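Quick one: this structure, given as structure tokens, is what I'll be asking you about.
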Amino acid sequence: MKIGGAGVRPEGAVVDQFVINRQDGQRATIEQLLDMQRHVLALISRNAPLQESLSAIAHFSESWIPGMKGSILRWEPESGRLRRGGYGSLPGSFAETVDGLVPGPKAGSCGTCAYLNERVISQDVFEDPLWEDFHALCRQYEIRSAWSSPLIASRDGSLLGVFGMYHPDVRPMTDDDEALVDHFAHLASMAIERYRDDAAQQYRATHDVLTTLGNRRLLDEEGPRWLERARSEGGCLSVAFLDLDNFKAINDTFGHIQGDQLLKDVALRLREYAGDTALIARFGGDEFVIVFDESVDMVQARLEQLRESLALSINLGALPVQVRYSAGVVDARSEDAGADFGEIIGQADEMARRAKSDGGDRTAVANAVASKRWKLRTGLARGMAFALRAPDAIVPFFQPIVSLDSGEVQGFEMLLRMRDPALSKVSPAECIEVAEYTGLIHELGRRMLEEAFALLAQDPGPLTGFYLNVNVSVRQLMNRQFLDEVKGLVETYPAVVPRICLEVTESQWLDPNGPAGDLLRDIKGLGLKLALDDFGTGHASLSYLQSLPFDTVKIDRHFVNHVESDPRHRSICIALLAMARSCGMSAVAEGVETASQAAVLSELGYDKAQGYRWSRPMPLSATIDWLTARR
Ligand code: C2E
Ligand code: CA
Ligand code: CA
């Protein structure tokens, strides 16, 4: 007898209805069987838990072969064991006993069936050597005969599980039994295959392809659960944020393929040192987040072992490389930790930044002070995002740049001030740092630049005849859209272009051969001037200066401040000026506060300067008054 659409009509079929001879002598129609099948398929298609679908199948199988007890085990290739699947009338204790069964040549009929990947029939378990080790179990659960059928994947023929049927009496398998068993085994295979597909899909959505670590989505899904569990059960929870220090350099030196290989190697080390229970995710390019159910002390110890391991023995091709990282760790259960998981990651990230700005290759652990600062900064970021909705959120201030010889004003540097009363109390440097961190810098920078062009375009206007310096962050230069914005302004206000100078800070690494370098050259090509800000504090070198198209360098006020009192600073001022000159650039001394400083600088050969000596930065109206007063 065969069952199903392509089946052969069984004996005793009535018009338009297949009839099956049930073992209890009752007659049941194919329709009943199809009903059951529909029920199971509905469970599968609405993603019911696998155990529910498999148990329904086991129950149905029992109703077709009276006296039979159905049991479905799931094959788990990762562990090499058979796992609890679905059960009909067998009690939970049986499921527990059998869970974890390892297939073998003498492991009952189910274990042997999985081992051989073929059907195994034991008509009498007490006579069958396969069952020798399981007599007690058989007596306990009244098992006399056992039929075990492998569940096979339709896609590739691999093992999915085992469908076992147990009878309290010695019971051979008839052809009809076989057809029914095949039918139920087929349904069970479908259910497991579907479940595996879903699991595979879920895995792909929550894991990083390159490293096979979790991804951000996994963190978003799992992190809050971990936090909830730790809070309700009172366990430890620590979150670490790791950021590789020198990945960019390694990537640039060895190329992206090797860079990818390195990330894979790092991922392996993370797995090795984070412990079995940690949740590890790749957060961004070379950033990782690890969630531990352990104390901060324990985590620190693990991170130090990891540090040693990474510093010693990673090879790219035949070359050993030292991988270093900065890490931030937060005790998620401490009072100072953020309220939700996202905030805790933000705090750990902030601590990693701190570790990096302290020189890198170290771990910073969040404490009350750091957490408070972090909260202030997130508050600041929110406040800025909100304030920027207003069209007049920004009030540029102006500070004159003068000729040291004649005292004549040549131009102004535009400096950011926020109109919002709370934000105006925060130092501009801090506002800029937060804006860079949150990405608001693009909006801020665009508005400052628009103001500058529009202001100079007023002719006659308050700043006719002067040039304007506008500060630009390296973050802005990383974005090609910035070039389009500048182009747009150049087209709208072509007459003012030669009087606009962009100041770029040197303290942030600006790669002359990278995209930011290209962008600077493009901007220069549009006719704008370029200044290198805070010269002397960053990566100044002759080759650096020569490879970027700056017109001017601005000597950092740190050296200017001590030019009279400290001979070393005086020497640096001389050297920096010589460096600028040799590259054909002019120099501006920043932060000049006194007349005598101005005199010394003039003596050293400086011709332009800026500082409180002439004026503090002031709003436009005060700038106009100041200019009038000087005239
Ligand atoms: P900066 O570009 O080096 O600007 C010069 C800073 O030195 C200004 O601080 C100015 O007020 C201060 N300063 C000028 N003369 C003296 C002096 O004689 N003595 C002392 N002690 N300080 C003097 P401010 O306005 O607080 O700005 C700080 C930093 O914030 C700026 O440093 C710049 O890096 C950044 N910044 C300001 N506005 C913008 C902007 O619109 N965009 C970007 N990306 N950065 C900006
Ligand atoms: Ca500046
Ligand atoms: Ca500066």
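All values derive from a computational prediction rather than experimental measurement. Atom set for the values below is all heavy atoms of this structure, side chains included, hydrogens, waters and symmetry mates excluded. Heads up: numbering here begins at 1 and tracks the sequence. Both counts, for ligands and for their atoms, begin at 1 and track the order of listing.
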For this session: Could you tell me whether atom 45 (N) of ligand 1 has at least one protein heavy atom nearer than 4.0 Å?
Result: yes
Exercise. Quick one: does Q399 get an N or O within less than 3.5 Å of an N or O on ligand 1?
Worked result: yes
Exercise. Ion pair present between K554 and E503, side-chain N to carboxylate O less than 4.0 angstrom?
Worked result: yes
Problem set entry | 4.0 Å heavy-atom contact, R613 with ligand 1 | no
Problem set entry | Charged N-O contact under 4.0 Å between K524 and D551 | yes
Exercise. Any protein heavy atom sitting closer than 4.0 Å to atom 9 (O) of ligand 1?
Worked result: no
Seminar exercise, completed: The OD1(D533)-the Ca ion (ligand 3)-OE1(E590) angle, to 10°, is 100°
For this session: Measuring from the Ca ion (ligand 2), name the closest N, O or S atom belonging to E503.
Result: OE1
Problem set entry | E451/R447 salt bridge by N-O under 4.0 Å criterion | no
Exercise. Of all the heavy atoms in P617, does at least one lie under 4.0 Å from an atom in ligand 1?
Worked result: yes
Exercise. Any side-chain heavy atom of F341 within less than 4.5 Å of one from D220?
Worked result: no
For this session: Identify the two heavy atoms, one from C573 and one from V560, that lie closest to each other, and give their separation to 0.1 Å.
Result: SG-N, 4.2 Å
Exercise. Starting from atom 34 (O) of ligand 1, which protein heavy atom do you reach first, and at what distance in Å?
Worked result: T505 OG1, 4.3 Å
For this session: Using a strict cut-off of 4.0 Å, indicate which atoms of ligand 1 neighbour a heavy atom of R417.
Result: 25 (O)
Exercise. Nearest heavy-atom pair of A332 and A337: which atoms, and what distance?
Worked result: O-CB, 3.7 Å
Exercise. Would you say E413 touches ligand 1, if touching means a heavy atom closer than 4.0 Å?
Worked result: yes
Exercise. Salt-bridged, E593 to R557, with N to O below 4.0 Å?
Worked result: no
Seminar exercise, completed: Under 4.0 Å from one or more heavy atoms of M448, ligand 1 contributes atoms 41 (O)
For this session: Side-chain contact test, heavy atoms from C-beta onward, threshold under 4.5 Å: evaluate it for V474 versus T505 and give yes or no.
Result: no
Exercise. Does P428, backbone or side chain, put an N or O under 3.5 Å from an N or O of ligand 1?
Worked result: no
Exercise. Looking at the Ca ion (ligand 2), which N/O/S atom of E413 is the nearest one?
Worked result: OE2
Exercise. Between the Ca ion (ligand 3) and D534, is there an N, O or S atom separated by less than 3.0 Å?
Worked result: yes
